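This one's a predicted model, so the numbers in the text were calculated from it and none came from an experiment.
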Amino acid sequence: QQQVKQSPQSLIVQKGGISIINCAYENTAFDYFPWYQQFPGKGPALLIAIRPDVSEKKEGRFTISFNKSAKQFSLHIMDSQPGDSATYFCAARGTSYGKLTFGQGTILTVHP
Amino acid sequence: DSGVTQTPKHLITATGQRVTLRCSPRSGDLSVYWYQQSLDQGLQFLIQYYNGEERAKGNILERFSAQQFPDLHSELNLSSLELGDSALYFCASSELTGSYNEQFFGPGTRLTVL
C-alpha cells in the first residue's frame, strides 16, 4: 500500500527556473514530512522538513508548502541550478517509532 | 558525509547464498533503520532497532533478519538470496526513536544477486 504519492516522476528545468515537486499522503497519523535529496551513488540526505502545524517553511532556495486539509505538500526550488540535478524524495513519518514512508522519487534535471 | 558507515559498498553473490551487510551509526545515535531501494519498489523501510532492541518492522522478508549489537553497530542478514533481492540497502541512524529525530543515511550497499 503506497501511502505517499509523488509527482512528477521526472522534471526538466532550465537554469534559473522554479522546480516544483508534489506529494500527497493518506495516513492522517503522519506528523513530520521531510524531503530528501539523493545524488547517484550516495545515500539520501535531508534537505528540508516540515511539521503539519506550519503551512510553509523556507530554507534558502528551498521551500516546502503544506496543505493539511488536502493532505498534500510540495517542494519548490527557486533559481534552480545544474548542481540541484538529483533525485528528490518526499517522505512522511508518524508516531510509529520514526520509520519513514517515502514517495517514489522525482528525477530533477536542471539544464545550464 | 553523514557519519554513518556501511560495508561492503558492493556485493555480488549467487542465488541461494547468504550475505551480511554491516552498518555503523553516527556516534551517539541509538536508533538504526534499514531500508531497501529498488527500481520497482522505491525506498522501503525494512526494520528498526533502538539500543539493541527491535522497535519496528516493515516489509521485511522472513529470509532477512537483523540485529543491533552492544556497540550499536547493526547487521542485516539476507539468506536464500533470489534475483529479486538485488537492490541498494541503506542504513540510517538517529539519536532517539520517535517522530522528530532526523535520520542520517549511509552510502548504501549495492547487492547484486546473479
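Proximity to chain A (any heavy atom under 4.5 Å) is restricted, for B/Asp40, to the backbone atoms N, CA, C and O. At a 4.5 Å heavy-atom cutoff, A/Pro34 makes no contact with chain B through either its backbone or its side chain.
In this structure the side chain of B/Gln103 reaches within 4.5 angstrom of the side chain of A/Arg93, judged on heavy atoms.
Nearest heavy atom pair, residue B/Gln37 against residue A/Phe89, reads NE2-CZ, 3.3 Å. The minimum heavy-atom distance linking A/Gln104 with B/Gln41 is given by the pair OE1-O, 3.6 Å. The minimum heavy-atom distance linking B/Tyr35 with A/Leu100 is given by the pair OH-N, 3.1 Å.
Neither A/Ile20 nor A/Val13 shares a network with the other; the hydrophobic side chains, linked directly or stepwise wherever heavy atoms of I, L, V, M, F, W or Y lie under 4.5 Å apart, form separate groups for each.
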With ring pair (Phe, Tyr, Trp, His ring centres under 6.0 Å) as the test, would you mind laying out the steps for A/Tyr36 and B/Phe105 before giving the verdict? CA-CA 10 Å; A/Tyr36 281 81; B/Phe105 281 75; 5.3 Å; yes
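Judged purely by atom type and a 3.5 angstrom limit, A/Tyr32 has no side-chain atom pairing as donor or acceptor with the backbone of B/Glu102.
The number of heavy atoms from other shown groups lying within 6.0 Å of CD (A/Glu59) is above 12. The number of heavy-atom neighbours closer than 6.0 Å to CZ of B/Arg26, taken from other residues, nucleotides and ligands shown, is above 12. In the displayed structure, B/Leu83 atom CG is contacted under 6.0 Å by more than 12 heavy atoms of other residues, nucleotides or ligands.
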